[in-house]
Amino acid sequence: MRLAINVDHVATLRNARKEFLPDPVAAALAAEKAGADGIVVHLREDRRHINERDVRILRQVISTKLDLEMAAIDEIIKIACDVKPELATIVPEKRMELTTEGGLNVIDNITNLKETIQILHKHNIEVSLFIEPEINQIDASAEIGADFIEIHTGIFANCSSEEEQFDELERIRNAAKHAKKLGLGVNAGHGLNYQNIKVFREIKEIDEVSIGHAIIAKAIMVGMEAAVREMRDLIRFG
Ligand code: PXP
């Protein structure tokens, strides 16, 4: 399982003072040095953390791969086509949310998402759709030509009992298997941390996890490289 690191919250801290530090680009380079397989940023319409300049510099300096999380809206699609990340992960975006709150409804937005995938494909950008672990959403994602799905793990992360967690993990496991059978790549993310990551090692169909908040929170205490290395080792060795 590969590890992609989301550095949005380094930019959140930088923007709190409207100055230059800490630098999300430096954080991305440190993450790569510690063994990250990719860097993730979410260029939001309101630019609350990562900005366009960050994305363009990251594109030039990182040596792994860039995953640009984005809403399927014209302004951001244009930027993506110009920047050409290796992967664009389409997420639903609401102005007032603190973070992405759930997966896309692919079925209800099929025309817009299909067009978005076609535009990004024309620019040689692979596309992932961030969805709930639901079979009908996976089928719709495959039907409109997505290359990957990213399974929303936030519900699992927030379960309050072991029974609920077990059921949600089963849903994730079945979804990952179903997606693989359809030829989709399988990523997973949201709310993953140093404790709950362990159970995901057993789901062989998951190609990559995308983790932000837990790693940046630890990095404030121990440094970016140490925080990434600890997660990388948990993924590799348990
Ligand atoms: N995947 C997606 C699609 C997200 O929107 C986010 C949050 O930016 C993440 C993964 C990472 O979530 P977390 O910050 O909780 O690790």
Minimum heavy-atom separation for [X] to [Y], with atom names?
X: Gly185; Y: Lys180; result: CA-CE, 4.4 Å
X: Asp54; Y: His49; result: OD2-O, 4.1 Å
X: Arg47; Y: Asn15; result: O-ND2, 4.3 Å
X: Ile125; Y: Ala80; result: CD1-O, 3.4 Å

I need the single residue from Ile77, Ile79, Thr89 that forms a side chain to side chain contact (heavy atoms under 4.5 Å, CB included) with Met70. Which is it? Ile77
Might you confirm whether atom [atom1] of [X] has over 12 heavy atoms from other residues, nucleotides or ligands at distances under 6.0 Å?
X: Lys65; atom1: NZ; answer: yes
X: Lys78; atom1: NZ; answer: no
X: Glu202; atom1: CD; answer: yes

So that I can tick it off, tell me whether [Y] and [X] are bridged by a salt bridge, with the cut-off set at under 4.0 angstrom between side-chain N and carboxylate O.
X: Arg14; Y: Glu19; answer: no
X: Arg44; Y: Asp46; answer: no
X: Arg48; Y: Asp8; answer: no

Got a sec, which residues hit side-chain hydrogen bond (donor to acceptor under 3.5 Å, both in side chains) with Asn158, two or more places apart in sequence or on another chain?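 Asn158 satisfies side-chain hydrogen bond (donor to acceptor under 3.5 Å, both in side chains) with no residue once adjacent residues are dropped.
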State which residues pass side-chain hydrogen bond (donor to acceptor under 3.5 Å, both in side chains) with Glu115; sequence neighbours excluded, sorted by chain then number. none
Identify, with sequence neighbours excluded, every residue that meets side-chain contact (heavy atoms from CB on, under 4.5 Å) alongside Arg59.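 In terms of side-chain contact (heavy atoms from CB on, under 4.5 Å), with neighbours along the sequence ignored, Arg59 is linked to Leu66, Val83, Glu86.
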With a 3.5 Å cut-off and no angle check, do the side chains of Asp139 and His178 form a donor-acceptor pair?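 Yes, because at least one side-chain N or O of Asp139 sits under 3.5 Å from a partner of the opposite role on His178.
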Heavy-atom donor-acceptor pair, Lys84 side chain to Cys81 backbone, under 3.5 Å: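 Side chain of Lys84 to backbone of Cys81, a donor-acceptor pair under 3.5 Å: yes, one is there.
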